[in-house]
Amino acid sequence: GGILSLYTALTARYKLGGIIGIITCLPPQSLDELTQEAMNTNQVNADTPILHINGRQDPVMTRECGQQTANALGQLIPDYTWKTYPGFHGDFLIHNPLSLRRIVKWLDDKTTVNVRLCWIPFVC
């Protein structure tokens, strides 16, 4: 899902309100080709905010791969936010429960999406 989110940021022909990629990176072997193609053909989402989050010790989507993606897309998209968290692929919300609050804050700050967190199910 995250790869598709980042790919969509580069290739969508329609304007998006914001993009979140969690635990993801674009394949290094196609990163140069994708960013070059985006620079030459698609500027629809050049000012769309992107939040990209990755685990620091993730063996599946490594921090290095995420950082390469962040470096490349950060040059194309001025409002690109790269965040890492301690842990692995499946630890994102389990060991970092405030991460959801950070995502909601990012949505509030960067987009027109109105999100309300409810910590007690069926009460809100």
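Counting from 1, the numbers follow the sequence of the chain as shown.
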_Does any part of the side chain of Asn54, heavy atoms only, come nearer than 4.5 Å to the side chain of Trp82, both counted from C-beta?_
yes
*Side-chain donor-acceptor pair under 3.5 Å between Gln67 and Asn71, yes or no?*
yes
_Does any part of the side chain of Trp106, heavy atoms only, come nearer than 4.5 Å to the side chain of Val104, both counted from C-beta?_
no
_Minimum heavy-atom distance Pro49-Lys110, with the two atoms named_ = CG-O, 3.6 Å
*Please step through side-chain contact (heavy atoms from CB on, under 4.5 Å) for the pair Leu6 and Ile50, ending with a clear verdict.*
CA-CA 8 Å; Leu6 296 177; Ile50 296 179; 4.1 Å; yes
_Could you work out, with salt bridge (charged side-chain N to carboxylate O under 4.0 Å, His left out) as the rule, every residue matching Lys83, not counting sequence neighbours?_
none
Identify all side-chain donor-acceptor contacts of residues 19-32 below 3.5 Å with residues at least two apart in sequence or on another chain.
from	atom 1	to	atom 2	distance (Å)
Thr24	OG1	Ile3	N	2.9
Ser30	OG	Pro27	O	3.2

*Tell me, which pairs form a salt bridge (charged side-chain N to carboxylate O under 4.0 Å, His left out) where one or both residues lie in residues 14-31, sequence neighbours left out?*
Lys15-Asp47
*Derivation and outcome, side-chain contact (heavy atoms from CB on, under 4.5 Å), residues Leu73 and His52*: CA-CA 10 Å; Leu73 296 187; His52 180 182; 5.8 Å; no
*Looking only at heavy atoms, what is the nearest atom pair of Leu107 and Thr111, with distance?*
O-OG1, 2.6 Å
*How would you list, by chain and number, every residue that makes a side-chain contact (heavy atoms from CB on, under 4.5 Å) with Glu64, sequence neighbours excluded?*
Thr62
*What pairs meet the salt bridge (charged side-chain N to carboxylate O under 4.0 Å, His left out) rule with one or both residues in residues 17-26, with sequence neighbours excluded?*
none
_Holding to salt bridge (charged side-chain N to carboxylate O under 4.0 Å, His left out), I want the full list of residues that pass it with Asp108, two or more places apart in sequence or in another chain._
none
